[in-house]
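Chain letters run A, B, ... following the sequence lines, proteins first, then strands; residues in each count from 1. For the numbers below, each heavy atom of this structure counts, side chains included, while hydrogens, waters and symmetry mates do not.
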There are 2 protein chains.
Amino acid sequence: MLVSIHTRPTLEDVAARAGVSRATASRVLNASPRVSPEALEAVNAAVLALGYQPNRAARALVTRRTGAVAVVFSEPEPKIFDDPHFARLIRAGARALADVDVQMVLMLVHSPDDQARAHRFLAGGHVDGALVFAPHRNDELVSIVKKLPLPVVYAGKPWGSLRGMHLVDNDNEGGAVLATEHLKSLGRKKIVHVSGPLDELSAIDRLNGFKSALGLDDKGAAKVTEDGGFTREGGRKAMAALLAKVPSLDAVFVASDLMAAGALETLQEAGKRVPQDVAVVGFDDHVTIAEHTSPPLTSVRQDSDEQVKHMVAHLMKLLRDETVKTKKQMLPTVLVRRESA
Amino acid sequence: MLVSIHTRPTLEDVAARAGVSRATASRVLNASPRVSPEALEAVNAAVLALGYQPNRAARALVTRRTGAVAVVFSEPEPKIFDDPHFARLIRAGARALADVDVQMVLMLVHSPDDQARAHRFLAGGHVDGALVFAPHRNDELVSIVKKLPLPVVYAGKPWGSLRGMHLVDNDNEGGAVLATEHLKSLGRKKIVHVSGPLDELSAIDRLNGFKSALGLDDKGAAKVTEDGGFTREGGRKAMAALLAKVPSLDAVFVASDLMAAGALETLQEAGKRVPQDVAVVGFDDHVTIAEHTSPPLTSVRQDSDEQVKHMVAHLMKLLRDETVKTKKQMLPTVLVRRESA
DNA sequence: ACCTGCGACTCAAAGGTTTTCATCGAGGAG
DNA sequence: CTCCTCGATGAAAACCTTTGAGTCGCAGGT
């Protein structure tokens, strides 16, 4: 059996060494039931001895499966990317996909150019499916992706009709209720809200939770709410605006930790003590932020790791063509108490 | 010409429509010179009409090229990942690789398990090359990767012998000199340093720059330096330690913006005014941090985007088998003045 | 008139795997 | 003892592209 040193072993080599045919060896690798115990063992031994690794390209060619999944972030404002939230999602995705042994192909979509490229790529059959993070209103990418014959799982609710879409969302509204109720239970009377950008449904859901916990209608809510755009600077400004609008405020529910960090700075500058004068609750429970503000931030935890895990699991089911019972999943949120409220 | 609607067109289809053979069509796609203008046009028209996209798997099978590159982050402390620096690198990688039309396969390795997996994957021929971020001393992953017959470009200097390795580094030492000289030029007399973890060469280089700018030897440096571990909290603590050790300090060069943010907090708590009492210079020029500290942070800019671009360009050359003249590249750093110094 | 050289092109093999279909052998039913 | 059934296995087709070898026609040299 002469084999060049530098050529990787093929299934043929494995089969030869195990004394079976390529077909049988293949069956062993794919855990087909129709194979005798002896053959199974022989093949496994050969695989081990040769350090055999299936050739992905060859396999992909015949199965019409690439073994790769795209993870797509559509975010018009590339700056937003510095939000540690994204790092966390990416990390979770990398881990979850590696666990099921599929390649993660990361795609960042900012411009229309990027959209076109993503379209080409996803339509080109280079991946078996996609995980899509596209929270913004009227995101072109969503309509593009919808038309593709490609299994897709969304993170949160994309804007527009949700018919036939698969998604894993956090219970934003429930979390907001939790936060607001907590502030109420502290005896706070004048509770205000720094919302996220209202072109994202997660921000809207959080706002709705806030409203329903306080029994506010749209008009009432408008008086005690400011949009902070999910950025630190936005949180800073929104808080300042609220202080001007509602001087007597004694509590604020901020729709993200990053904004809450900004809001805390504003409060401090305004001479307000937290939590004595103003109680603050954030959203995300981003440890690297929440634990390092002063005072440490009480926040609503949404478990991004869990969300991504669910998304991956769901997509794998789709890929295995299992009939999935629930197309939409909602993950619970919990309140994590620290010192700010 | 009956073609099922749902099957994607193959090169065969293109060739047929163009009235040429598969081989000629292939040559057109691969920009081979030996093809007549008429054939070229006919094939291009057919490609367009059919919306043809080459089958990556089939191509990979015959060319033994995958069209994918791994981007590997080796970081024992997964928490560190929340550092926006990583997000920036990942974003830059995604963009640069997309620009040259290669898939980016992201791999995060934290544990020995991850290392084994990475080893298997990289050895398995699933990618054509790799970009490796592994800054820590004695990182097992580096030795693993070194042994692989795989083109690799490193970010910064990995620990150990650099023989035959390709890397793109920032001028950490030069940047540190810049920072320290700047503090000197401000008339500061008692300049101290918060360093990064000394198991990373970037941290050591920055420390060396600091030392050489002040003409300090090891012993002298030890008296005015503290390790802040490249974390915000570490920066906080290191600053406190320095205040205790060198009460008369009037300037500090901090080896990362994240640590500088922590240091600023400590200074504030200690009642020091920045920059009046203590001038502060950071490193990284991380806008989302540097522009939002109070006061905004003067910092040494290292252009990560540029670094990653160079890494990608270098790797592509390696893949094209061009003989590369310089194996190591050093990118300049510049000082960005804001208000803290 | 014949060969040579050359450019444009076609043929067909190769690349490594999965999967269908056929084959083979053993064991049970009659 | 023969026929069937059924489980394990093997042969070969199929997946789609690249590429080296070979064909063909034509211009130019002898």
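Between the CD atom of Glu41(A) and the P atom of dT9(D) there is a distance of 13 Å, rounded to whole Å. If you measure from atom CD of Glu12(A) to atom P of dG15(C), you get 11 Å, rounded to the nearest angstrom. If you measure from atom CG of Leu61(A) to atom P of dA13(D), you get 17 Å, rounded to the nearest angstrom. Atom CG in Leu11(B) sits about 17 Å away from atom P in dA12(C), given to the nearest Å. Going from atom NE2 of His126(A) over to atom P of dC16(D) covers 14 Å, rounded to whole Å. The nearest whole Å value for the distance from the CG atom in Asn55(A) to the P atom in dT17(D) is 16 Å. Atom C1' of nucleotide dG10(D) and atom CZ of Arg22(A) are separated by 10 Å, given to the nearest angstrom.
Between Val62(B) and Val20(B), it is Val20(B) whose nearest contact on DNA chain C lies nearer the 5' terminus. Sequence order on DNA chain C of the closest nucleotides to Glu38(B) and Arg59(B) puts Glu38(B) first from the 5' end.
No engagement by Ala60(A) is indicated, since no non-hydrogen atom pair under 4.0 Å with the nucleic acid exists. Using a 4.0 Å heavy-atom distance criterion, Ser26(A) is classed as a base contact. Counting any heavy atom pair closer than 4.0 Å across all strands shown, Thr24(B) reaches a base atom. No contact: Ala57(A) has no heavy atom under 4.0 Å from any strand.
Picking from dG10(D), dC9(C), dT10(C) the nucleotide with the shortest atom distance to the side chain of Ala39(B) gives dC9(C). Side chain of Ala23(A), nearest nucleotide from dA11(D), dT18(D), dT17(C): dA11(D). Distance from the side chain of Arg64(A) is smallest for dC16(D) among the nucleotides dG16(C), dC9(C), dC16(D).
Aromatic ring pairs are classed by plane angle as parallel below 30°, tilted from 30° to 60° and perpendicular above 60°; the pair Phe121(A) and His126(A) is tilted.
Asp114(B) has a carboxylate O that lies under 4.0 Å from a charged side-chain N of Arg95(A), or vice versa, which qualifies the two as a salt bridge.
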